[in-house]
Amino acid sequence: MDTVRWRSASPRSDPEMIDVRRLRHDPAEARAALARRLDDGALAQFDRVLELDDRRRTVLTEVERMRADRNEASREFARRKQAGEDLTALQAELGKAAARLKDLEEDLREFEALQESHLLAIPNFLATDVPEGGVEANVELRRWGTPPRFDFTPKPHWELGEQLGLFDLPRGTKVAGSGFPLFTGMGARLVRGLANFMLDLHTREHGYTEVVPPLLVNEASARGTGQLPKFADDLYRLERDELYLLPTAEVPVTNIHAGEILDAEMLPVAMVAFTPCFRREAGSHGKDTRGLIRVHQFDKVELVRLCRPEESEAEHAAITAHAEAVLQRLEIPYRALALAAGDTGFASARTIDLEVWAAGVDGWLEASSASTFTDFQARRAGIRFRAAAGVKPEFVHTLNASGVAFPRTIIALLENGQQADGSVVLPEALAPYVGVERLVPPT
RNA sequence: GGCGCGGUGGCAGAGUGGUUGAAUGCACCGGUCUUGAAAACCGGCGGCCCUUCACGGGGCUCGUGAGUUCGAAUCUCACCCGCGCCGCCA
């Protein structure tokens, strides 16, 4: 199917962060772009980076000059040894030079490490069309569907779920802890049906290749997609093994081609994965935590695309449409929001959220986030392609979208589909996957 | 988990301390030849960084990192990965 180009155990020995040369080339532009995110910490990082870069390059130039001298001296040494000359004096002299070089190389390593740590904390450049401002400035792009009307008071999903025997949250809490839901009976069947429904849609109609990725990822992968180092608190970590539970399939799937140079014909790469996701949700306790709204473990079908830079605009529209198609087939009313600068994620250049209407909780819930990361993740993960034989490799652009996250989809299905008698009517497209057209209380 | 062997350019495969970024073959790109193609022949051909308007110059890179040495693909140590056998296990 495709050609795997790397064989080594560590394909990412030399990761790039944000393009330093871009920062260096037009600092004012870069600083202004960064300021749009309304993140003072990032700005502080930025100022440090430029200063460090300057000092780093000064030392680098010196180190390289000394190494050039050493290489030349070494060749001279070999020649004179061949000629049988006495080299003890020269050897001593070169030894001193080697020691000086070693000190300087240590300085260089320090600068490099320091600069890298700052660079890793600088977020992606935003697309120019991202609205200015914070979360209040998000722009509603479009709405699809009509929220249902009821002649009774619609119940929240946690009541429906319990009455219909779909999930048992207290027992999930007993087994693992709060936020680890237990689906039971037809609820479990609903989860399985949703997975098959979404995977079929994306593989058959949208051209995605299905993958089942590792659920644990290493540090390099988490750094590649931008979860680390900044968002370590959001990840479940297995300290003994230096591994992390995936917060989203974006992490393992995007990293599938890390460290590779892809053939241009392989692009765009389009992959879909159904996985559980694990999030610590540190600091969000007590907020939107009823029922399934915010949980530590949830299922999600994730779409990931790798493409040529000139295609990423169109790809972003396409991947968003693929996510929307899921909600449309499920007849779930939703709205698409263009996230404002201050609300856009660290690695993203532009994000469009899809929020589903949930009648029981009477509000909009984010069920999908479709982002283009331009070359940000590709740099960190080292994903490149060669446009033509003989030309330099360039970074791909990466994109992903939830297609879609399960809990809020289930919330919408239950709350919007509920009937006066307490049953829930499933959308036509989903019913065959679940095996019933209507969820009724267990007998 | 234990023992053993091994990781060199897109691939195959030399190289065990001194102009070796690395022979050779294949693949690939350009050219000659040809009506065209193939063959043959000639030339080119990894990645990254710094510097330069450019031409060019320099450095790093032989799984990764550290070390020994005037000098490391070559010696030492740690780690990662692969293969084989044994043990354990779904």
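So that the names make sense, note that chain A is the first sequence line, chain B the second, and so on, each numbered from 1. Model, not experiment: these values are computed from the prediction.
Nucleic acid contact class of A:Lys96 (heavy atoms, under 4.0 Å, all strands): none. The residue A:Arg109 sits close only to the backbone: its heavy atoms come under 4.0 Å of sugar-phosphate atoms, none of a base.
Across the protein-nucleic acid pair, A:Phe111 atom CZ and B:C50 atom C1' stand 16 Å apart, rounded to whole Å. For the pair A:Lys392 NZ and B:C29 P, the interatomic distance rounds to 21 Å; values are reported in whole Å. Atom CG in A:Leu101 sits about 11 Å away from atom C1' in B:G59, given to the nearest Å. As a whole-Å value, the separation of A:Arg75 CZ from B:G58 P is 9 Å. Rounded to whole Å, the distance from CZ on A:Arg24 to C1' on B:U51 is 11 Å. Rounding to whole angstrom units, CG of residue A:Leu90 and P of B:C70 are separated by 11 Å. Rounded to whole Å, the distance from CZ on A:Arg65 to P on B:C60 is 14 Å. Separating the CD atom of A:Glu110 from the C1' atom of B:A66 is a distance of 16 Å, rounded to the nearest angstrom.
Counting all heavy atoms, side chain and backbone alike, A:Pro442 lies closest to A:Gln163 at CD-O, 3.7 Å. Heavy-atom minimum distance, A:Leu50 versus A:Pro27: CD1-CB, 3.5 Å.
Ring geometry for A:His206 against A:His322 counts as parallel: the plane angle stays under 30°, on a 0 to 90° scale with 60° as the upper cut.
Checking B:G47, B:C50, B:U19 against the side-chain heavy atoms of A:Arg56 singles out B:C50 as nearest. Which of B:U51, B:G18, B:G47 sits closest to the side chain of A:Phe77 comes down to B:G18. Taking the side chain of A:Ala98 as heavy atoms from C-beta on, and the options B:C50, B:G71, B:C48, the nearest nucleotide is B:G71. You'll find that the side chain of A:Arg384 is closest to B:G47, out of B:G58, B:U51, B:G47. Taking only side-chain atoms of A:Gln91, from C-beta outward, the nucleotide of B:C70, B:G67, B:U51 with the closest atom is B:C70.
Nucleotides B:C53 and B:G65, compared at atom C1', are 39 Å apart to the nearest Å. Comparing B:U16 with B:U74, their C1' atoms are spaced 5 Å from each other, to the whole Å. Atom name C1', nucleotides B:G63 and B:G9: the rounded distance is 14 Å, in whole Å. Comparing the P positions of B:G21 and B:A73 gives an interatomic distance of 7 Å, to the nearest angstrom. Rounded to whole Å, the separation between the P atoms of B:C5 and B:U19 comes to 29 Å.
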Exercise. Going through the checks in order, is the ring-ring contact (aromatic ring centres under 6.0 Å, His included) test met by A:Phe197 and A:Tyr433?
Worked result: CA-CA 6 Å; A:Phe197 161 74; A:Tyr433 284 96; 5.8 Å; yes

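Aromatic rings of A:Phe373 and A:Phe125 (six-membered ring for Trp) have centroids beyond the 6.0 Å cut-off, not under it.
With hydrogens and angles left out, the side-chain atoms of A:Thr248 and A:Lys300 include a donor and acceptor closer than 3.5 Å.
Between A:Leu94 and A:Thr61, the one whose closest nucleotide on RNA chain B sits nearer the 5' end is A:Thr61.
Under the Watson-Crick or G-U wobble criterion, with both distances below 3.5 Å, B:G43 is paired with B:C29. Under the Watson-Crick or G-U wobble criterion, with both distances below 3.5 Å, B:U20 is left unpaired in every strand shown. With a 3.5 Å ceiling on both atom-pair distances, the Watson-Crick or G-U wobble partner of B:C79 is B:G63. Pairing partner, B:C53: none, since no Watson-Crick or wobble contact has both distances short of 3.5 Å. Partner assigned to B:C3 is B:G84, using Watson-Crick or G-U wobble distances below 3.5 angstrom.
RNA chain B is contacted by A:Arg67, A:Ala68, A:Arg70, A:Asn71, A:Ser74 of residues 66-74 of chain A, taking any non-hydrogen atom closer than 4.0 Å.
Taking only side-chain nitrogens and oxygens, A:Arg57 comes nearer than 4.0 Å to OP1 or OP2 of B:U51. Close to B:C50, at under 4.0 Å from its OP1 or OP2, lies a side-chain N or O of A:Arg21.
Remark: the A:Lys81 side chain and the B:G18 base include a donor-acceptor N/O pair separated by less than 3.5 Å.
Each ring-ring contact (aromatic ring centres under 6.0 Å, His included) pair with one or both residues in residues 89-120 of chain A, not counting sequence neighbours, would appear here, but there are none.
Under a 4.0 Å N-O distance rule, the pair A:Lys102/A:Glu106 does not qualify as a salt bridge.
Contact annotation: the side chain of A:Arg24 approaches that of A:Arg57 to within less than 4.5 Å [non-hydrogen atoms, C-beta and beyond].
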